J.: 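Quick one: the structure is below, questions incoming.
The shown structure was predicted, so the numbers you read here are calculated from the model rather than taken from an experiment. All values below were derived from every heavy atom in this structure, side-chain atoms included, with hydrogens, water molecules and symmetry-related copies excluded. To find a chain, count down the sequence lines: A is the first, B the second, and so on, and within it residues start at 1.
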Protein chains: 2
Amino acid sequence: MLIRHPLIFKALQRLAPIPPEQWARLEGFLRPRRLAKGRAFIEPGQPADEAAIVVTGLFRFYYTDQDGREATKAFRGPGEMLAAYAELLDKRPSRTTIEALEDSEILVVRYERVTALYDDHACWQELGRVIAEDHYRQRERREQELLLNSATERYRDFLKEKPELAAKLPQKLIASYLGITPVALSRISAPGRRKKKAR
Amino acid sequence: MLIRHPLIFKALQRLAPIPPEQWARLEGFLRPRRLAKGRAFIEPGQPADEAAIVVTGLFRFYYTDQDGREATKAFRGPGEMLAAYAELLDKRPSRTTIEALEDSEILVVRYERVTALYDDHACWQELGRVIAEDHYRQRERREQELLLNSATERYRDFLKEKPELAAKLPQKLIASYLGITPVALSRISAPGRRKKKAR
DNA sequence: TTTCGTCGTTAACCTATGTTAATCCGCCAT
DNA sequence: ATGGCGGATTAACATAGGTTAACGACGAAA
């Protein structure tokens, strides 16, 4: 049994036990793709029919509303999954942009290939379930942060939980992730001299 | 094959095809419970080891932070599921309160009963996956609302999407769901002479 | 009935964050 | 180097929403 992508195999293996012969089936569907910095894996309007695993690189997920305002949903790196997930499940066009922040390598699979596996072996149902549960936890956590914490608290938590990301991302992207403007983030993070508005 | 809860069976059936003989196994685990208005299905600190389906009634899910502030996560009614979902998955104590807003009837199952079914028949894996995906969609949608929309817009959307709920819930609970104070909601909703329009 | 508590509204004031704009700085391409 | 550009900072001002408090409407308990 040749396993061409042992790191990916191990990453999924931690989520659900995939028998090697089943893994071979998925692996046969994976297609490598390179995305230069600035290019998108998917953009609004495009059919959300692919998913991918990051091998190297870094990606940003974001919504854009009708007024052109952006809100960053997540950052994802090696071993993590790329997909406009809700739209993929709903078989609708993407409303999300997934953009490479660095030159990146990913392994792409058509989602229908994955759903086809569901009927073949329960391990795929399980993997699908665990992935969905994992996505759920991330969203719930973030919802709680947004509902209960101030921007200052959210920034502090971000620094604590993703120090590597915080170090290499430009402030404007961090601000977008926190749901505030770069100006507001600068007030929070900069050594800025708080002063009274004398009047 | 006796199906004691045809409505519940149908509700789940829409999510994933459960063979009747499999359904009988889950049904054997369901225990009816009544909760008077004001009582909680689960509260912070309690082990999150049960899930339930609402037969009649209405429930509110909310977080409470260390400062005692509440944030309402969701409302759920007949045919919908009750569980401190993330904590259930993580086998951790609840951080969520699920409170009956009316006298309610539910069918309770220990979560370990459900996970035990996962190994018996792939339909349960599928049901688990579809439920997780469903929960995911709800959270993602809400995250997007919170990141991109003002309180006024969120209120307008809530009225449009859940008019029945909006009609019977006290304003303070709607405010908590929107992530604002009752005072702020009153400014938005009251006949008070505000001539602002949503963005 | 009276009393009490909760809820919704309104007002006054406060604070966090948005908006716009100016400045500065580092970097890249000519 | 020179010029230009985008990102970060800072300032000045605008606005949404929070906080506190007063008040009236209502319903439950006495």
J.: Rounded off to whole Å, could you give me the OH-to-C1' distance for the Tyr155(A) and dT17(C) pair?
T.: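 Tyr155(A) atom OH is separated from dT17(C) atom C1' by 16 Å.
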J.: Just how far, in rounded Å, is P of dA16(C) from CD1 of Ile188(A)?
T.: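 After rounding, the reported distance stands at 10 Å.
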J.: Tabulate below the donor-acceptor pairs under 3.5 Å that side-chain atoms of residues 75-87 of chain A make, not counting sequence neighbours, or state none.
T.:
residue: Arg76(A); atom: NH1; partner: Met81(A); partner atom: O; Å: 2.7
residue: Arg76(A); atom: NH2; partner: Gln138(A); partner atom: OE1; Å: 3.3
residue: Glu80(A); atom: OE1; partner: Gly77(A); partner atom: N; Å: 2.8
residue: Glu87(A); atom: OE2; partner: Arg95(A); partner atom: N; Å: 2.9
residue: Glu87(A); atom: OE2; partner: Thr96(A); partner atom: N; Å: 3.4
residue: Glu87(A); atom: OE2; partner: Thr96(A); partner atom: OG1; Å: 2.7

J.: Below 30° counts as parallel, above 60° as perpendicular, anything between as tilted: where do the rings of Tyr136(A) and His135(B) land?
T.: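 Judged by the thresholds at 30° and 60°, the geometry between Tyr136(A) and His135(B) is perpendicular.
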J.: Consider only side-chain N and O atoms of Ser150(A) and Glu153(A), and report whether a donor and an acceptor are under 3.5 Å apart.
T.: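 Side-chain D/A pair, Ser150(A) to Glu153(A): present.
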J.: Of the options dT17(C), dG17(D), dT10(D), whose atoms approach the side-chain atoms of Ala184(B) most closely?
T.: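 Comparing dT17(C), dG17(D), dT10(D) against the side chain of Ala184(B), the answer is dG17(D).
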J.: What integer distance in Å separates Ile180(A):CD1 from dA8(D):P?
T.: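 After rounding, the gap between these two atoms is 12 Å.
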J.: Record whether the side chain of Arg187(B) comes under 3.5 Å of the base of dG18(D) through a donor-acceptor pair of N or O atoms.
T.: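 Yes, a donor-acceptor pair under 3.5 Å.
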J.: Between Val183(B) and Pro170(B), which is nearer to the 5' end of DNA chain C once each is assigned its nearest nucleotide?
T.: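 So the residue in question is Pro170(B).
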J.: Can you tell me if the side-chain N/O atoms of Ser150(A) get under 4.0 Å from OP1 or OP2 in dA16(C)?
T.: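 Indeed not, no polar side-chain atom of Ser150(A) lies that close.
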J.: Report yes or no: do Ser189(B) and Gln171(B) form a side-chain donor-acceptor pair below 3.5 Å?
T.: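 Yes, because at least one side-chain N or O of Ser189(B) sits under 3.5 Å from a partner of the opposite role on Gln171(B).
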J.: Nearest whole angstrom, please: distance from the P of dA16(D) to the CG of Leu185(B).
T.: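 For the pair Leu185(B) CG and dA16(D) P, the rounded distance is 15 Å.
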J.: Nearest whole Å is fine: how far is dG17(D) C1' from Leu146(A) CG?
T.: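 Interatomic distance, CG of Leu146(A) to C1' of dG17(D): 16 Å.
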J.: Can Arg60(B) be said to sit on top of Tyr62(B)'s aromatic six-ring, NZ or CZ under 6.0 Å from centre and within 45° of the ring axis?
T.: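 The answer is yes; both the distance and angle limits are met.
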J.: Measure CG/Asn149(B) against P/dT17(C) and give the value in whole Å, please.
T.: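 From Asn149(B) CG to dT17(C) P: 18 Å.
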J.: Please confirm whether any donor atom in the side chain of Arg69(A) sits under 3.5 Å from an acceptor in the base of dG18(C), or the reverse.
T.: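 Such a pair does not exist between side chain and base.
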J.: For dG18(D), does either OP1 or OP2 sit under 4.0 Å from a side-chain N or O belonging to Thr181(B)?
T.: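 Result: yes.
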J.: Distance check needed: dC7(C) P versus Leu169(B) CG, whole Å only.
T.: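 Result: 13 Å.
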J.: Rounded off to whole Å, could you give me the NZ-to-P distance for the Lys172(B) and dG5(C) pair?
T.: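 So the two atoms are 15 Å apart, to the nearest Å.
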